[in-house]
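Worksheet: one structure, shown below.
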Amino acid sequence: MDLVFFGIQGSGKGTQAKRLAEELGYYIFEAGGELRKIRESGTELGELVKKYIDNGELVPFEIIMEVVNEAVANVPDDQKILFDGIPRDEDQMMAFDKILADSGREFRCVHILLDKDDAVERIKGRAEIEGRADDADQEKVLRRMDLFFEKTMRVIEKYMAEGKVLEVDGKGSVEEIYGRIKREIGN
Ligand code: ADP
């Protein structure tokens, strides 16, 4: 069974996803990472993607879904996947559900819960450590957080209604949160 990770910017989602994928043998699909590769590719598409990422906006539907489609097509059927950063809105959700269903894959979701004030504090620290351009600009980070509440939360609510979501408290140390995730997914 595949896993889909959700969490506001600063929730530690990416860190937890990478660690879990490594330990439990998931192939990790990191939407932001894949898009940053395209951004750096020196192509016309890269220039286009750059504009969206640098403004904290979602990259257009066709571009991200093509990347997801290709990734899923290239992963063997018996290799489980951990998706980080997809789907982020309801259009992506519909397309994502179809891609997975068409390849006979099933998934459940992990949502790392953190309130906005805590998330903003964490992001300040992360910008200093990792130096990610789109994290350094507070205004852009807040824009991404707004998108999370406006769009991604609807996706999470729909998956909740389908009984697919495991919720994990995102407060505490990386270790503590990791332990909670493993307990929730039954490992
Ligand atoms: P964060 O979750 O902190 O915003 P990510 O590394 O996941 O960071 O994403 C960085 C940027 O990549 C986003 O701000 C957005 O521009 C783009 N991106 C990531 N995932 C998606 C997606 N599913 N759809 C469209 N754009 C995306």
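Every number for a ligand or one of its atoms is a count from 1 in the order of the listing. Only heavy atoms go into these numbers, but all of them, side chains included; no hydrogens, no water, no symmetry mates.
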Notebook entry, point to check: Is the shortest distance from a Lys or Arg side-chain nitrogen in D118 or K171 to a carboxylate oxygen in the other one below 4.0 Å?
Noted result: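 So D118 pairs with K171 through a salt bridge.
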Next item on the list: Sequence neighbours left out, what pairs pass salt bridge (charged side-chain N to carboxylate O under 4.0 Å, His left out) with at least one residue falling in residues 59-81?
Entry: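 Those involving residues 59-81 do not exist here.
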Check: What residues form a ring pair (Phe, Tyr, Trp, His ring centres under 6.0 Å) with F83, not counting sequence neighbours?
Finding: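 Checked F83 against ring pair (Phe, Tyr, Trp, His ring centres under 6.0 Å); matches are F96.
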Notebook entry, point to check: Under the 3.5 angstrom rule, does the side chain of E22 hit a backbone N or O of R19 as a donor-acceptor pair?
Noted result: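 No, the answer is negative, given that no donor and acceptor are paired below the 3.5 Å cut-off.
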Next item on the list: Among residues two or more places apart or on two chains, list those pairs meeting ring-ring contact (aromatic ring centres under 6.0 Å, His included) that have a residue in residues 154-187.
Entry: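 Qualifying pairs: F107-Y159.
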Checklist line | From CG (D89) to CZ (R154), nearest 0.5 Å | finding: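 It comes to 10.0 Å.
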Check each N or O atom of ligand 1 against all protein N or O atoms and list the pairs under 3.5 Å, with atom names and distances to 0.1 Å, one per line.
from	atom 1	to	atom 2	distance (Å)
ligand 1	2 (O)	R88	NH1	3.4
ligand 1	2 (O)	R88	NH2	3.4
ligand 1	3 (O)	R126	NH2	3.3
ligand 1	3 (O)	R144	NH2	2.8
ligand 1	4 (O)	Q9	NE2	3.1
ligand 1	4 (O)	R144	NE	2.9
ligand 1	4 (O)	R144	NH2	3.3
ligand 1	6 (O)	R36	NH1	2.8
ligand 1	6 (O)	R36	NH2	3.3
ligand 1	6 (O)	R132	NH2	3.4
ligand 1	7 (O)	R88	NH2	2.5
ligand 1	8 (O)	R132	NH2	3.1
ligand 1	16 (O)	E57	O	2.6
ligand 1	20 (N)	G85	O	3.4
ligand 1	20 (N)	R88	NE	3.0
ligand 1	20 (N)	R88	NH2	3.2
ligand 1	23 (N)	G85	O	2.8
ligand 1	23 (N)	Q92	OE1	3.0
ligand 1	24 (N)	Q92	NE2	2.8
ligand 1	26 (N)	V59	N	3.0

